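On a predicted model such as this, the values are computed, not experimentally measured, just so you know. Residue numbers start from 1 in every chain, and the chains themselves are labelled A, B, ... in the order their sequence lines are given, proteins ahead of strands.
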Protein chains: 2
Amino acid sequence: MTIKDIADRAGVAKSTVSRVLNNSGYVGIETRKKIEQVIAETNYLPSAMARSLSKQESRTIGVVIPEADNTFFGEVLRGISEVVDKNNLTMIFCNTENNQSKEQKALRMLQEQRVRGLILTPTADYGSPKEARRLKTALDRLNVPILLLDRKVQNPQWDGIYYDNFGGAYQATEALIQAGHKKIGIITGDLSQFHGRERFRGFKQAIYDSGLSVDPAYIYEGDFTTQKAYELTRQMIASGNMPQAVFLSNNLTSLGFIKAIFEVKMRLGKDICCIGFDYVDAFDILNIGFSYVERDTINMGRMAMHMLMDRIAQPDLPRREHIISASLMLRGSERWSE
Amino acid sequence: MTIKDIADRAGVAKSTVSRVLNNSGYVGIETRKKIEQVIAETNYLPSAMARSLSKQESRTIGVVIPEADNTFFGEVLRGISEVVDKNNLTMIFCNTENNQSKEQKALRMLQEQRVRGLILTPTADYGSPKEARRLKTALDRLNVPILLLDRKVQNPQWDGIYYDNFGGAYQATEALIQAGHKKIGIITGDLSQFHGRERFRGFKQAIYDSGLSVDPAYIYEGDFTTQKAYELTRQMIASGNMPQAVFLSNNLTSLGFIKAIFEVKMRLGKDICCIGFDYVDAFDILNIGFSYVERDTINMGRMAMHMLMDRIAQPDLPRREHIISASLMLRGSERWSE
DNA sequence: TTGTAAGCGTTATCAC
DNA sequence: GTGATAACGCTTACAA
């Protein structure tokens, strides 16, 4: 079924059909009726490809994510998707599995598809200048509006939406201090990643600002995985020099920490206190009163898409960054229970 | 940048450039060199739209999923995505949020995009003939190879890949029987959904086959949510007539069950036994020896994509259904601990 | 109010 | 070996 077929069956020219399809220009009431009838009968839908080619504009946006099987990105994806189809756009999805060459390949593909814009969470930290340059080159070639999501690169020239990692960690740490703790520790995330560093920085700043000082003995360098956090917590216990309270740098870190703590029958709020970054559904369900820094992930996806659309509509806007502030959910694990 | 620009810069005709792009037909060694050089210099990439239009074939496949923020589908998505880009295809992604009208809209969009094939998990059970007909109509219109994933509809005419829900539940229940339990209960899933019914059926069959009989008092009709499972378990406890062991119909059901059990300080393997359907990462981490029916989800995505590609390559193949058998992970919760 | 025809960026079929 | 040229399915001046 093509527009030509419709035109023939309705006994008119292609251009007339096109006019009713696009509600553009004048079409006689009778002709319109006839054409609409034929379209309905045949279930004709115009080819988006042909349309884009002719109009020289695409209604497709690319979404490149590093971990499709991570709940965080699943929720972001849901938010993006919601706005995408509210605006009758089409989403091309790529999962890079945190692999730079897959990322490069995805970007080439999106260029071939002539996407209208792109939401991207880069594969890893582009800390090294060489890698950063490589990404920049690929994105410049793409030459469309781009929005960075959740992971910042050095001196980005693109719009971005991020969580306030510094602020979230700062608030959490501050809450621990206000709860009266003096010996406060941290299991950091991967410090080669931007948000890992930011959270660590927030932690330290809160300590300094309170007049306490950061004790190196209480700093455990993790990597955002459950396993590593578990091992570090065991070391912490074995060291015989436990902090009173610990800041946990992400949800997986929280899991590893709790696992190790529970194994030796330590009790939250009795033997040790903590605050984590991000919600862990299981803790809630198991009635562990676990305090954490909360983020509204689905909404992050929605906002991301809106920012991208703004940029598409107004390419000359100054660069924008949106920092979503995190909020604290205190459920008890941050302080000694009476 | 278009093929024309490349042709001009290389001092040849478009058709010659096209030949080197596609490695088709003869091209003089010198001419080829020159053209390749221009392409490299300009970072030219041909338009996929124009290409598809001209070739009359698309390299795009549609993926329609009901819950992007559900880990299960996140993992499936990862598997699909892996095969998609190994084959240089493009994936258009839609999230229906279990909403039939969003699903219909997504299918129309995919038709406009002239996708080459489609992987679909329908929004809900199309139990009612009217709804089933509506889906069939939309899919027939699409007129491309289709693969149903995880959720079966009545008398499907399409290929499908599903888990062996019946078998998984059967095995789990059998394990409870072999552990010596006589009073065996179930919290079912949503029985209006196919897999809910299948799991229930597997449970009942295992009981019959063992010579026991299903006691209606031990059948709790849930809906696959944590909340409902929690409430039912509380009822179960309050009833004063607890079964010895319970089969839990999905991961959320397991969470609700465990929450209720733990609240009243019942101990797994001491006061009550159980087996769940699907892994719950938190249980593992908290060292609850939780037994469950395991599924390899990422691989399901990979297999789905392979089946779709087979179908695209050979449209006349007889209809195929792939049932992935589940396996049992016994970690202790299924039997009384010594 | 409608039809004709050129053009969007490719590929494919011819001649040369 | 290479270059015109006609598709592919649509939109959009412009003419009628």
**Request:** Indicate yes or no: does R151(B) engage E67(B) in a salt bridge with an N to O separation below 4.0 Å.
**Result:** yes

**Request:** Examine distances only and state if a side-chain atom of T297(A) and a backbone atom of F72(A) form a donor-acceptor pair shorter than 3.5 Å.
**Result:** no

**Message:** Distance check needed: dT11(C) C1' versus I6(B) CD1, whole Å only.
**Reply:** 16 Å

**Fill in**
N23(A) CG to dT12(D) P, in whole Å, measures 13 Å

**Request:** Could you tell me which non-hydrogen atom of V64(A) sits nearest to which non-hydrogen atom of L118(A), and how far apart they are?
**Result:** CG2-CD1, 3.8 Å

**Request:** Answer yes when R9(B) and D5(B) have at least one side-chain N-carboxylate O distance shorter than 4.0 Å, and no when they do not.
**Result:** no

**Message:** My understanding is that only one of R320(B), R311(B), R319(B) makes a side-chain hydrogen bond (donor to acceptor under 3.5 Å, both in side chains) with D159(B); could you say which?
**Reply:** R311(B)

**Sugar-phosphate only, base, or nothing, as touched by K14(B) at under 4.0 Å among non-hydrogen atoms** = base

**Request:** To the nearest Å, give me how far apart CD (E112(A)) and P (dT10(C)) are.
**Result:** 10 Å

**Those residues of residues 24-31 of chain A lying under 4.0 Å from DNA chain C by at least one heavy atom** = Y26(A), V27(A), G28(A), T31(A)

**Request:** Mind listing the closest non-hydrogen atom pair of L89(B) and M109(A) along with its distance?
**Result:** O-CE, 4.5 Å

**Asked** Tell me, which of residues 40-58 of chain A have any heavy atom that sits under 4.0 Å from an atom in DNA chain C?
**Response** L53(A), S54(A), Q56(A)

**Message:** Test your reading of the model: is there a side-chain donor-acceptor pair from K34(A) to the backbone of V12(A), 3.5 Å cut-off?
**Reply:** no

**Request:** Grab the CD-C1' distance between Q111(A) and dG9(C) for me, whole Å please.
**Result:** 15 Å

**Under 3.5 Å: donor-acceptor pair, side chain of N165(A), backbone of E198(A)** = no

**Asked** Which part of the nucleic acid does R114(A) contact within heavy-atom distance under 4.0 Å: base, sugar-phosphate only, or nothing?
**Response** sugar-phosphate

**Request:** Ignoring hydrogens and angles, tell me if any N or O in the side chain of T31(B) forms a donor-acceptor pair with the backbone of V27(B) under 3.5 Å.
**Result:** no

**Prompt:** To the nearest Å, how far apart are N22(A) CG and dG9(D) C1'?
**Reply:** 13 Å

**Complete:** For M307(A) and H322(A), the nearest pair of non-hydrogen atoms, with its separation, is SD-CB, 3.7 Å

**Prompt:** Between the main-chain N or O of N88(B) and the side-chain N or O of R59(B), is there a donor-acceptor pair closer than 3.5 Å?
**Reply:** yes

**Message:** Need the bend value for the helix from dT1(C)-dA16(D) to dC16(C)-dG1(D): angle between end axes, 5 pairs each end, nearest 10°.
**Reply:** 50°

**Item:** Test applied, side-chain contact (heavy atoms from CB on, under 4.5 Å); reference residue, I3(B); option that passes from I39(B), T16(B), L21(B)
**Value:** L21(B)

**Item:** d(CZ, R19(B); C1', dG1(D)) in whole Å
**Value:** 7 Å

**Message:** Assuming nearest nucleotide by heavy-atom distance, tell me which of S15(B) and I3(A) is located more 5' along DNA chain D.
**Reply:** S15(B)

**Request:** Check the distance between dG7(C)'s P and K4(B)'s NZ and give it to me in whole angstrom.
**Result:** 12 Å

**Request:** Kindly say if S18(A) contacts the phosphate of dC10(D), meaning a side-chain N or O under 4.0 Å from OP1 or OP2.
**Result:** no

**Message:** Output the rounded distance in Å from CG (L21(B)) to C1' (dG9(C)).
**Reply:** 11 Å

